[in-house]
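Input: a single structure, listed below in structure tokens.
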Amino acid sequence: MKRLFAVLTALTLFVASGCSAGDDTNQSTGKQDNTNGAQTLTGTMEEIKDTMFIVTDDQQESYVFTIEEEKPEGWSEVAVGDVVKVTYTGEVSMVDAFTGTVISVEVVK
């Protein structure tokens, strides 16, 4: 199952990188922040894996974020079902692969 997930993820990244070049149709829902071009997205944590997580916003649109080896700030305090605020750089989209870095994930109280 993990191997299938890895193959599908690699294929998705390959296809998305080829299709999104020069395409201005990304539907990012992030709000611009004043710190180094960072953006935020608030929603419900739907799924957590070792290298990715899924957040669903108020419009029931789900966004997949990938994370590197270094976990983002606040990562250890979040759980599935929490309402979280994700601070990130790059682009997040419902259709294209995430092209950025997750800076922090914090539980919204």
side-chain contact (heavy atoms from CB on, under 4.5 Å) involving [X] - partner list, sequence neighbours excluded:
X      : result
Val64  : Met52, Ile54
Lys85  : Thr40, Thr42, Thr87, Glu106, Val108
Glu70  : none
Thr101 : Thr89

If hydrophobic clusters are built from ILVMFWY residues whose side chains come within less than 4.5 Å, do Val80 and Leu41 share one?
yes

According to a 4.5 Å side-chain heavy-atom criterion applied to Ile, Leu, Val, Met, Phe, Trp and Tyr, with indirect links allowed, do Met45 and Val107 form part of one hydrophobic cluster?
yes

Asp82 (side chain) donor-acceptor with Ala79 (main chain) under 3.5 angstrom
yes

Is there a side-chain contact (heavy atoms from CB on, under 4.5 Å) between Phe98 and Glu91 once you walk through the steps?
CA-CA 6 Å; Phe98 176 58; Glu91 294 289 327; over 6 Å; no

The test is side-chain contact (heavy atoms from CB on, under 4.5 Å); show your working for Val102 and Trp75 and say whether it passes.
CA-CA 10 Å; Val102 177; Trp75 180 250; over 6 Å; no

Side chain to side chain donor-acceptor pair (under 3.5 Å) partners for Thr56, two or more places apart:
Ser62

My understanding is that only one of Asp50, Thr51, Val55 makes a side-chain contact (heavy atoms from CB on, under 4.5 Å) with Phe53; could you say which?
Val55

Atom OG of Ser93 and atom CD of Glu61: how far apart are they, to the nearest 0.5 Å?
10.0 Å

Flag yes if more than 12 heavy atoms outside Gln59 fall under 6.0 Å of its CD atom; otherwise flag no.
yes

With sequence neighbours left out, which residue pairs that include part of residues 38-48 fulfil the salt bridge (Lys or Arg N to Asp or Glu O under 4.0 Å) condition?
Glu47-Lys49

Carefully, step by step, assess Phe65 and Val105 under the rule side-chain contact (heavy atoms from CB on, under 4.5 Å).
CA-CA 11 Å; Phe65 291 89; Val105 182; over 6 Å; no

